Amino acid sequence: MEKAKLVLHHDDPPCDKRLEKDGSCRSCQLTPDMQSTCLWSYCPSCDVPLEKMVCPTCRKTFKMPA
Ligand SMILES: [Zn+2]
Ligand SMILES: [Zn+2]
């Protein structure tokens with residue numbers, strides 16, 4: 001089984017947007033500290049968030065990266 005890709009998201013309710021590569025949140029226009037972030041699992045080929053470890057686009061199942 002392929003491993004999911006982990007993507008950093010803002011975790012500061014109500015904002016759960018995907019963070020930029022430099023760790024900044026485009027919608028809040030700030031760079032959250034690590035306590036205000038969480039990792040989401042993504043499909044590495046479709047680049048969309050997985051739903052219960054299944055890609056909603058290609059329907060493949062992934063496992064958490066070790
Ligand atoms: Zn944000
Ligand atoms: Zn996919």
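Being a predicted model, the structure only gives us computed values, none of them experimental. When a ligand or atom number is given, it counts from 1 through the structure's own listing order.
Counting only protein atoms, the N, O or S atoms lying less than 2.8 Å from the Zn ion (ligand 2) are Cys43 SG, Cys46 SG, Cys55 SG, Cys58 SG, ordered by chain and residue number.
By the rule that hydrophobic residues join a cluster once side-chain heavy atoms approach within less than 4.5 Å of another member, Val54 and Phe62 end up as members of separate clusters. Under the 4.5 Å side-chain heavy-atom criterion for Ile, Leu, Val, Met, Phe, Trp and Tyr, Val7 and Met53 are members of distinct hydrophobic clusters.
Centred on the Zn ion (ligand 1), the angle running from Cys28 (SG) to His10 (ND1) is recorded as 110°, rounding to 10°.
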Derivation of the side chain to side chain contact (heavy atoms under 4.5 Å, CB included) call for Asp47 and Lys5 | CA-CA 8 Å; Asp47 206 34; Lys5 176 173 85 166; 2.6 Å; yes
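Contact of the Lys60 side chain with the Cys43 side chain is not registered, since no non-hydrogen atoms from C-beta on lie closer than 4.5 Å.
Closest heavy-atom contact between Met1 and Lys63: O-CE, 3.7 Å.
Ring pair Trp40/His9 is parallel by interplanar angle, where below 30° counts as parallel and above 60° as perpendicular.
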